[in-house]
Structures are given as structure tokens and as C-alpha cells.
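Chain letters run A, B, ... following the sequence lines, proteins first, then strands; residues in each count from 1.
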Amino acid sequence: MNRRLRPVIVDFTGIVLFGIVIYIISFGNSLQKMFQLPSSIYNMSTIFLSILIEALPFVLIGVIIAGLIQIFVTEDHIKRWIPKNKFLAVTMSCVVGACFPACECGIVPIVRRLIGKGVPIYAGVGFLLTGPLINPIVIMSTFMAFGNDLRIAASRMIIGFVIALVIALIVSLLFKSNQLKHPIPPKTHTHQTSIQQPLTERIGSTLIHAVDEFFDMGKYLIIGCLFAAFIQTYVSAEALVGLGDGLAASTVVMMGLAYLLSLCSEADAFIAASFKNLFPTTAILGFLIYGPMMDLKNTFMLLSVFNSKFVFILISIVTGTVFSILMLIHGFY
Amino acid sequence: MRFYFQQAFRAAILLTFVIFIVKLHYTGDILKLINPKYDLLSKIGAIIFLVLFIAQIQRVWSPKNESHGHNHDHNHDHNHDHGYSPINVKKLLSYSIIILPLFVGFAIPLTSLDASIAAKKGTMLTLTNNALNGVGREESLTDNNLEITEQPDIESDDNAEPLLEEQNENTDDSSADPYDNPEDPNLYSNTISQEEFKRVVEELKSSSSIVMTDELYSTYYEAINMDMGEFEGKEITLNGFVYKEEDFTEDQFVLGRFIITHCVADAGIIGFLTEVDDASSITEDTWMEAKGTIHIEDYKGAKLPVIKISEWKEIGEPKQTYLYPLSIKIL
């Protein structure tokens with residue numbers, strides 16, 4: 001009886017929820033005309049929603065992939081795939097990240113799930129850094145934004161890859177444990193049950209995991225978007241740019257700009273190009289390489305995964321490494 | 001069977017996201033947020049939300065004895081909330097954060113970016129940067145290829161050749177009043193082949209009058225900045241919004257447009273410094289269609305293409321306020 005009744009109740013619940021949501025929304029629409037806010041608030045809310053709407057599909061895809069990893073990949077798989085040698089593991093993670101088309105928001109839930117499954121922290125970081133930086137869409141958009149000039153796009157990929165490799169190696173020397181915010185219980189039990197489940201059930205639990213992941217990560221994404229929108233509305237890029245004169249200062253300024261603007265790696269090339277004649281190429285590369293690795297929006301998402309001490313140390317390592325390597329290779333530009 | 005309020009609430013949030021994205025597409029407001037090239041991607045987002053909603057409503061009613069739902073895999077790390085534990089302040093806060101964009105989306109109307117944002121983006125800095133493009137290029141061309149640098153001289157004699165001008169006027173007529181269309185037909189496939197692109201740029205160089213359509217605005221803009229000398233003295237028709245900076249003279253303002261690669265957050269501004277007698281009476285954010293001639297002038301030590309406006313009329317904010325970069329097919 002209960003078995004037959006259940007689907008009916010579930011359907012009914014869905015319809016009732018739909019009604020309630022529509023009712024609340026119609027209330028919100030009438031709210032629109034009730035108050036008038038300063039125009040900068042409208043600008044900020046528009047930018048906020050635009051960053052969010054842009055990022056959501058990527059995050060959702062990331063969340064679904066994370067759900068799939070949770071259900072279909074076991075700790076044993078991970079143990080077999082990841083090389084024992086640290087250097088090999090880091091190289092492999094960077095290469096996998098480079099082949100994996102992701103953006104900086106979508107990759108966070110995936111990395112979290114992988115590390116939860118036993119991927120070492122340094123391999124996770126390598127994957128996290130190269131995933132958004134090196135992929136076909138980024139190459140194409142960089143190529144086009146810089147007047148169909150392959151030099152910048154190629155430098156971005158190659159130097160970016162080397163930098164990611166160095167950062168992951170530094171992390172491998174400094175950290176042994178997984179650094180997750182909520183440590184995993186040491187030994188897992190009943191693993192076999194998930195393998196024996198029928199496929200439909202496994203897909204069901206994948207989706208349920210994805211929902212939990214979305215609610216967990218979504219709030220950090222939203223805070224990140226909000227901060228980025230605030231910066232874009234109230235902080236003048238021109239004033240920031242005015243701070244930088246000379247190679248080191250301008251590189252710092254461009255990296256700072258990349259951090260604060262929190263642009264998607266697929267779309268930042270055009271903004272970088274609008275500074276290309278005002279700043280040395282090294283500074284432009286700083287913007288293009290640092291932005292996809294670290295930014296304001298991304299920092300909040302990382303804080304949802306790792307303990308905050310690790311996040312701040314990671315930011316320092318990334319910042320220091322990107323800056324020093326760019327200064328070192330400046331002679332070639 | 002037990003009813004779980006929090007699970008129902010989560011399902012409602014997922015459903016509201018679906019309705020929000022569908023509404024954006026239905027009303028066309030999505031154009032105020034993202035480049036239509038990414039239209040499909042956001043639709044996929046809505047579909048994923050819908051699928052997650054359907055998965056989530058299964059959890060609203062669960063058997064009493066199994067607090068973690070049916071056949072839930074217990075193996076995973078318990079590092080996130082499943083919506084079964086009781087509501088506390090922390091959870092209330094995180095739910096309000098999740099609801100925030102939905103509240104903002106339904107209660108606050110979307111706007112188009114305006115001059116105040118242009119100020120934050122460093123408009124004159126961008127325009128100067130883009131104009132410097134041409135300088136760098138001309139220099140490199142002098143190094144490599146002398147023939148091409150001579151071209152501007154030949155072209156600047158353009159006006160002396162009546163035959164050529166006549167031809168151009170003909171082409172002008174055929175493309176008269178480009179702003180009739182509310183939305184450019186190519187909005188969703190802003191892509192042209194490389195040959196077509198070259199042809200467009202060549203045609204531009206040979207014509208004496210330039211019309212900046214939405215579709216080709218960024219292409220023309222780049223070409224003009226690349227080779228200012230070649231375009232000096234030519235007539236240009238363009239639209240945009242008015243933007244002013246403190247150190248402009250009485251008769252100066254920028255007629256600009258925002259160009260969007262992916263979403264509004266990555267908007268850049270392109271446009272021209274213009275000069276017209278009664279500029280001080282024109283307020284910022286006025287949308288206008290203007291006609292004028294291109295001159296080269298110094299602005300803070302850099303040579304910029306400046307448009308001396310001969311006639312202009314106010315137009316309302318167009319339906320398509322933003323420009324999207326033209327993608328050139330490489331393969």
C-alpha cells in the first residue's frame with residue numbers, strides 16, 4: 001500500500017511546491033515597484049546576478065561530476081591511478097587538469113570530492129590550478145582577444161603550467177594530510193553496497209549528493225559573487241592601475257586586479273587586452289595566469305572545502321610563485 | 001512516512017532557480033546578464049536544476065526509521081549537511097544566503113550598465129590603450145614592410161577621387177538606417193569566416209563613410225584604431241551613450257558602448273572621444289545617434305581618433321544595449 005501511494009504523494013508534493021513558489025514569486029514582482037534604491041545598487045545587483053548566472057551552469061556540472069565520483073569511483077581506484085612518487089603524482093595531476101575543461105568555480109566541488117576519496121592534497125592542488133587555466137576555450141579566447149596573436153596565448157599556457165607544477169610541488173613538501181575542512185572518518189565501511197546497487201539507485205544517490213553539494217558550496221559561491229560585484233561597482237580600476245609603475249609594481253597591480261575582478265578564465269582575456277599597451281607583457285601575463293588560479297570568488301569557494309589556514313597559505317604560495325617566476329622569465333619578453 | 005520540512009524547502013529553492021532562469025530567458029532579460037552565445041549553457045543549467053529538484057522531492061517523504069533516506073550510501077565523508085539535522089542559526093544564515101540571489105532576481109529589476117560603471121572601468125585608459133595599438137603596429141610595420149606604411153598616404157587622397165567616392169555613396173544607400181532592426185539578426189551566431197572578415201575590413205578602408213552597426217562595431221573600432229591615419233577625415237555614423245570625465249573640456253564627451261565577452265561583469269568599454277559645441281548641455285547616459293568626421297587629436301600625450309560631431313539626435317536606450325565580440329572561425 002505504502003509503496004503504491006508513495007509516488008502519488010511525491011508528485012503531489014511537487015505540484016504543491018510549484019504552486020507555493022509561483023505565489024511567492026508573484027509577490028516579489030509586485031515588490032519591484034514598491035521601492036526605489038540608489039542606482040549603484042541596481043548596477044551591483046545586475047553584476048551580481050550576471051556573475052552568478054554565468055557561473056551556475058559550470059558549478060552545477062561540477063557538482064554532478066562530484067556526485068558521480070562519489071558514487072562510482074572508489075578509494076581503491078584512486079590508489080591504483082595515482083602514482084606513489086610525489087613528483088609523478090603532481091605532474092600527472094597537472095596534465096589531467098590541463099586536459100580537463102573546467103572553470104575555476106566548477107572545479108572546486110570536483111577537487112573536494114577527489115581529495116575526500118583519497119587523492120593526495122598536492123595532486124588535488126595541481127588539478128585545481130591547471131583545470132581552469134589550460135583548456136581549449138581559454139586558448140581560443142586569449143588568442144582572439146590579443147589580435148589573433150598566438151604568443152600571449154601560448155605563454156599563458158606554458159608558463160601557467162610550469163607555475164602550477166611548482167606550486168603543487170611546494171604544497172607536497174609542506175602538507176601531508178588532506179587539509180579538508182571536515183576530516184573524513186578514518187575507515188569507511190560497507191563500501192561494497194554502493195557497487196552492488198542497481199544503476200538507477202546509484203544515479204539517484206548521485207543526484208542526491210549533487211543537491212547536498214550544491215547547497216553546501218552554493219552559499220560560498222554566492223558570497224564570492226556578491227563581493228566581486230561590490231568591487232566592480234564601487235572600486236575604480238583606473239585608481240588601482242594608477243598605483244603601478246615599473247615592472248614589479250605593474251605586475252602586482254595586474255595580479256591584484258585579476259584577484260578582485262574575479263573574472264571567468266574564459267572571459268578575462270578581453271579585459272587583459274585592454275591594458276596591453278599600458279603595461280609590460282609580464283604584467284599582462286600576471287593577470288592572465290594569476291586570475292584563473294586565485295580570485296576573490298574562488299577564495300570563498302576554497303574556504304568551503306579546506307580549512308582556512310590552508311587556504312591562506314595556498315594563496316600566499318600561489319601569489320609568491322606566480323610573481324617570482326614571472327620576474328625570472330621577464331628577460332625573455 | 002514522515003514529512004521533512006527542510007527537504008521540501010530545499011526542493012522549493014531548486015525549483016525557484018529553475019523558474020528564475022526560465023523567466024530570464026522568457027522575458028529576454030538574460031541579454032542584460034550574459035552574452036547570448038552562452039544562452040544554451042544557462043538553459044542546460046536550468047535543466048540540471050530541474051533534475052535536481054525531481055531528485056530532491058523524493059526526499060521530502062521518507063520512512064520514519066531511516067533518517068537518511070532510502071538506500072543512501074553511508075560510505076561517504078560526513079562533511080556536509082544533508083538537511084536532516086534540526087535548523088539552527090548557522091543553517092538559517094546559509095539558507096538566507098542561498099535565497100539572496102532569488103530575492104534580488106525577483107524583487108530588484110535588472111538594469112543596463114551606465115556611465116558610473118564606465119567610470120570605474122577606466123574608460124579613457126582603455127581608449128588610449130586601444131589607440132596605442134595602432135602606433136605599435138605602424139612602428140613594427142615600418143621595420144618589416146615599407147609598402148604597407150605608404151598606404152595611408154594614398155588613401156588620404158581619397159576625397160580627390162570623385163569616382164571612388166561615388167561608388168561608396170552607393171554602398172552607403174543600401175545600408176541606410178541600420179538602426180531600424182531592434183536586434184541584430186546575427187545576435188546568436190556572431191561568427192564570420194576569416195575571408196569574410198578580411199573583406200569587411202578591406203571594404204571599410206575603401207569607403208569614405210562608415211556606419212558602426214552593432215554587429216561590426218568592435219571590428220570597425222579595432223580597424224580604425226589600428227590605422228587612424230587612413231580613416232582621418234572620413235565620415236562616421238555611430239550610436240552609444242554619453243560618458244564624461246572631469247578633465248574633459250566643455251565640448252568633449254565619450255560616445256561609448258559596453259562589449260561583453262561572457263557576462264556583464266567582464267564588460268569592457270569601447271567608443272570614441274567626441275567633440276560637439278553644446279556638449280555641456282548633454283547629460284551622461286543619454287543615448288544618441290551621431291554623425292561626424294574622424295580627426296586625430298592629442299589627449300594627454302597620446303594620439304586618439306576623435307569624432308567631430310556635425311549632427312546628432314537623442315535616441316532611447318536600444319533593446320540591445322551591449323555589443324558582443326565577433327568570433328572569427330579559424331577552421
Side-chain angles (χ1 to χ4, degrees), chain A residues 9-10 13-14 17-18 20-21 25 28-29 31-32 40 42-43 45-54 56-57 60 64 70-71 116 180 182 184 188 190-191 194 197 201 204-205 207-208 210-212 215-216 218-219 222-223 232 236-238 241 263-264 266-267 270-271 274-275 277-278, chain B residues 8 10-12 15-16 19 32-34 41-42 44-45 48 51-52 55-61 71-77 79-82 94 97-98 100-101 104-111 113 116-117 119-122 125-126 129 132-133 136 261-266 268 325 327:
Chain A
I9 294 178
V10 166
T13 313
L17 283 175
F18 187 78
I20 294 173
V21 167
I25 289 170
N29 279 347
L31 215 63
Q32 277 197 7
S40 64
Y42 290 106
N43 278 326
S45 75
T46 303
I47 294 176
F48 165 58
L49 287 177
S50 109
I51 304 178
L52 190 69
I53 291 290
E54 174 202 34
L56 273 178
L60 288 171
I64 297 267
Q70 174 62 33
I71 301 300
L180 288 177
H182 304 277
I184 302 164
T188 54
T190 64
H191 198 97
S194 81
Q197 278 173 10
E201 296 251 333
S205 15
L207 292 176
I208 292 296
V211 171
D212 290 338
F215 276 92
D216 213 29
K219 51 181 187 272
I222 290 164
I223 295 174
Q232 291 221 355
S236 159
E238 200 162 352
V241 165
L263 301 175
C264 200
E266 279 123 46
F270 185 82
I271 297 295
S274 70
F275 291 107
N277 297 309
L278 302 170
Chain B
R10 284 179 165 211
L15 183 63
T16 317
I19 295 170
K32 288 182 177 165
L33 298 177
I34 58 170
L41 204 61
S42 93
I44 291 173
I48 297 179
V51 171
L52 292 184
Q56 175 66 19
I57 49 171
Q58 311 296 326
R59 282 212 284 187
V60 175
W61 297 93
N71 288 316
H72 193 289
D73 172 17
H74 278 261
N75 157 54
H76 64 78
D77 41 325
N79 62 357
H80 55 217
D81 174 47
H82 299 281
S94 56
I97 294 169
I98 298 267
L100 180 75
V104 169
F106 285 112
I108 301 179
L110 296 171
T111 62
L113 299 185
S116 68
I117 294 293
K120 295 285 180 289
K121 300 247 179 216
L125 214 63
T126 313
N129 172 76
L132 286 171
N133 261 350
T261 315
H262 195 153
C263 79
V264 170
D266 61 56
S327 350

Query - Residue pair B/Ala55 / A/Ile208: nearest heavy atoms and the distance that separates them - result: O-CD1, 3.5 Å

Report task. Looking only at non-hydrogen atoms, find the nearest pair between A/Ile222 and B/Pro101 and report the distance. Result -> CD1-CG, 3.7 Å

Query - Interchain contact, A/Phe48 with chain B, by part (heavy-atom threshold 4.5 Å) - result: side chain

Query - Top contributor to chain B interface from A/Gly204, A/Ser45, A/Ala210 [non-hydrogen pairs under 4.5 Å] - result: A/Ser45

Query raised in the report: Under a 4.5 Å heavy-atom cut-off, does chain A meet the side chain of B/Ser116, its backbone, both or neither?
Result: side chain

Query - 4.5 Å side-chain heavy-atom contact, A/Pro57 and B/Ile48 - result: no

Query raised in the report: Side chains of B/Leu33 and A/Leu52: closer than 4.5 Å at any heavy-atom pair?
Result: no

Query raised in the report: Going through the distances and angles, do B/Arg10 and A/Asp212 end up as a side-chain contact (heavy atoms from CB on, under 4.5 Å)?
Result: CA-CA 9 Å; B/Arg10 284 179 165 211; A/Asp212 290 338; 2.9 Å; yes

Query raised in the report: Taking all atoms of both residues into account, what is the closest heavy-atom pair of B/Ala265 and A/Ser50, and its distance?
Result: N-OG, 3.4 Å

Query - Backbone of B/Thr111 reached by a side-chain donor or acceptor of A/Thr46 within 3.5 Å - result: yes

Report summary line: With sequence neighbours left out, the residues meeting salt bridge (Lys or Arg N to Asp or Glu O under 4.0 Å) with A/Lys219 are A/Asp216

Query raised in the report: Side chain, backbone, both or neither: which part of A/Leu207 has an atom under 4.5 Å from a heavy atom of chain B?
Result: both

Query raised in the report: Are any side-chain N or O atoms of A/Glu54 and backbone N or O atoms of B/Ile34, one a donor and one an acceptor, separated by less than 3.5 Å?
Result: no

Report task. Decide side-chain contact (heavy atoms from CB on, under 4.5 Å) for A/Val10 and B/Val60; before the verdict, give the C-alpha distance in whole Å, the side-chain angles of both, and the deciding distance to 0.1 Å. Result -> CA-CA 8 Å; A/Val10 166; B/Val60 175; over 6 Å; no

Query raised in the report: Between A/Phe215 and B/Ile98, which heavy-atom pair has the shortest distance, and what is it?
Result: O-CD1, 3.8 Å

Report task. Could you check which of B/Ala107, B/Gly105, B/Ala119 has the highest count of heavy-atom pairs closer than 4.5 Å to chain A? Result -> B/Ala107

Query raised in the report: Picking from A/Asn43, A/Leu17, A/Val211, which has the most non-hydrogen pairs under 4.5 angstrom with chain B?
Result: A/Asn43

Query raised in the report: Are more than 12 heavy atoms from other residues, nucleotides or ligands located less than 6.0 Å from atom OH of A/Tyr42?
Result: yes

Query raised in the report: Can you tell me how far the CD1 atom of A/Ile53 sits from the CG atom of B/Leu41, to the nearest 0.5 Å?
Result: 11.5 Å

Query raised in the report: Pick one: which of B/Ile44, B/Val51, B/Leu52 meets side-chain contact (heavy atoms from CB on, under 4.5 Å) with A/Leu60?
Result: B/Leu52

**Report entry** CA sep, side-chain torsions, deciding dist, call: B/Leu113, A/Ile47, side-chain contact (heavy atoms from CB on, under 4.5 Å)
**Finding:** CA-CA 9 Å; B/Leu113 299 185; A/Ile47 294 176; 4.0 Å; yes

Query raised in the report: chain B heavy atoms under 4.5 Å from A/Leu56: which part of the residue, side chain, backbone, both or neither?
Result: side chain

**Report entry** Largest heavy-atom contact set with chain B, pairs under 4.5 Å, which of A/Ile51, A/Ile25, A/Thr13, A/Leu263
**Finding:** A/Ile25

